[in-house]
Structures are given as C-alpha cells and as structure tokens.
Amino acid sequence: DSGVTQTPKHLITATGQRVTLRCSPRSGDLSVYWYQQSLDQGLQFLIQYYNGEERAKGNILERFSAQQFPDLHSELNLSSLELGDSALYFCASSVGLAGNTGELFFGEGSRLTVL
Amino acid sequence: SQQGEEDPQALSIQEGENATMNCSYKTSINNLQWYRQNSGRGLVHLILIRSNEREKHSGRLRVTLDTSKKSSSLLITASRAADTASYFCATDYHNNNDMRFGAGTRLTVKP
C-alpha cells in the first residue's frame, strides 16, 4: 500500500460527459502528479501541483483541468469526454519536488471507460 | 512529451537469467529513477540514481548512469517469474522537478 488513494477505481461513462477523479496523497506529501496511461502505453504526464499551486504542465488537453485543495487532495476534471480518453489515470505524490527529493508514490489508478 | 525511451520494448528470458533494460533521455537531469508496474497496477519505485552517481545497487538490481551519453541501464540478476512486469525509467524534465516517464520495457520471465 503506497498510501495514495484514488477514487473511483473504475468509471464507465458516455461520450460528451464530465467526470471527476480524486486523489488523496500520502500523509505529509506536498506534491501531486497526474498521469494518463492508455492501453499498453507509457505514462503521459498531465500536470503537477505543489502545496496548492500548479508547478508543471504536460500535454494536458484543454478539456481537462485539475486543482489541489488546501488539504492537499487533488481532483482531475475531464469534460466533453471522447472515446480516446479511455485510459488509466494515475495520481502520484512525493514529499517535495521530485527532482530534489526523490521517489513518487503511485495510487492504484482510476480506470475510465468512455462508451 | 516523453522524456525517456526504454529499450528493448519487450524482453523474454528464462528464470535464472539476467535481464538488462536501457533508457535514454534528452535533457540534463537531477536524478533518474526506475519503476516497476505489474499489469494494470500502480507503479512501484525501485531505485533512484542521482546525476553525480555512476552506479547503484539494490538487492538483485544494478543501475548505471552515463550522463555524457544521457543513458541508463537496469540490470536484474538471477531473474524470477515474479519479476515479470513492465519497467519504466523516469527523469525530471528540464530540471523542472516534474517526472517524465518512458514507454517502458515489458519483461517476461519464463519459469
């Protein structure tokens, strides 16, 4: 158990809909990262927050948004969903900024299926 | 965009053999990390090597880093069927402290 909690574990929805994925980082971790993993693919970096502020942005679509709340949990909002958005969405946390403080701890992911 | 690229994409070996996976990256880094992912599960951190280190060991794992070639290798010695998984390298991107992952190497260890 990494200590990172992601909900929901599975989500099935229709094209055009909007969903929210939630992540609770490990206790004490200030950084949260979101990644997308399509079937049998690598991890695409979406966005990173540190202590409530956005710190880095990857190839995140404009239809996607995220935030980190004062209690450090984070939410990833996906709107106007398309079939191609079906993927595993991972949240990871670290104590500080990964380049300086080391490893990321991953949740078990939220599997999104868009029909 | 991806930062690292693993090679090979897939590797199949017999139990007891050694497995070597390589990773190349594009920018200067603070550290390089290797992660393991069992099918459909979250990634698990294996080992971290800093840019001023050349080699690191952890149990049956040996990692090397060549910053002049922007490459790293992960060696798993005396592999076991339980080592079957995908292995990813990750680096901080442009020293921005966000971690970018490669596409991974899928390792199959046959009993």
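Note on naming: letters A, B, ... go to the chains in the order of the sequence lines (proteins, then strands), and numbering restarts at 1 for each one.
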Between CD on residue A:E103 and CD1 on residue B:I47, distance to nearest 0.5 Å:
11.5 Å
Structural part of A:K57 lying under 4.5 Å from a heavy atom of chain B
backbone
Contact summary for B:R100 and A:F45, nearest pair of heavy atoms
NE-CD2, 3.3 Å
Just wondering, are more than 12 heavy atoms of other shown residues or ligands nearer than 6.0 Å to CD in A:E62?
no
So which atom in A:L104 and which in B:Q33 form the shortest heavy-atom distance, rounded to 0.1 Å?
N-OE1, 4.0 Å
B:F88 and A:Q37 have their tightest heavy-atom pair at CZ-NE2, 3.8 Å
Would a hydrophobic clustering, with Ile, Leu, Val, Met, Phe, Trp and Tyr connected at side-chain separations under 4.5 Å, put B:I76 with B:L46?
yes
Step through the shown structure and confirm whether more than 12 heavy atoms of other residues, nucleotides or ligands are within 6.0 Å of CZ on B:R80.
no
Audit row: B:F101, A:Y35, ring pair (Phe, Tyr, Trp, His ring centres under 6.0 Å) steps and yes/no:
CA-CA 10 Å; B:F101 287 75; A:Y35 293 90; 5.2 Å; yes
Note, A:F106 side chain near B:R41 side chain (heavy atom, < 4.5 Å)
no
Inspect the surroundings of CD in B:E53 and state if more than 12 heavy atoms from other residues, nucleotides or ligands are less than 6.0 Å away.
yes
Establish whether B:V44 and A:L43 are linked, either directly or via other cluster members, by ILVMFWY side-chain heavy-atom contacts under 4.5 Å.
no
Within a reach of under 6.0 Å around CZ of A:R26, are more than 12 heavy atoms found that belong to other residues, nucleotides or ligands?
yes
Is the number of heavy atoms from other residues, nucleotides or ligands under 6.0 Å of B:Q14 CD greater than 12?
yes
So, taking the atom named CE in B:M99 and the one named OG in A:S31, what distance separates them when rounded to the nearest 0.5 Å?
11.5 Å
Nearest heavy atoms of B:Q37 and A:F90, plus distance in Å
NE2-CZ, 3.5 Å
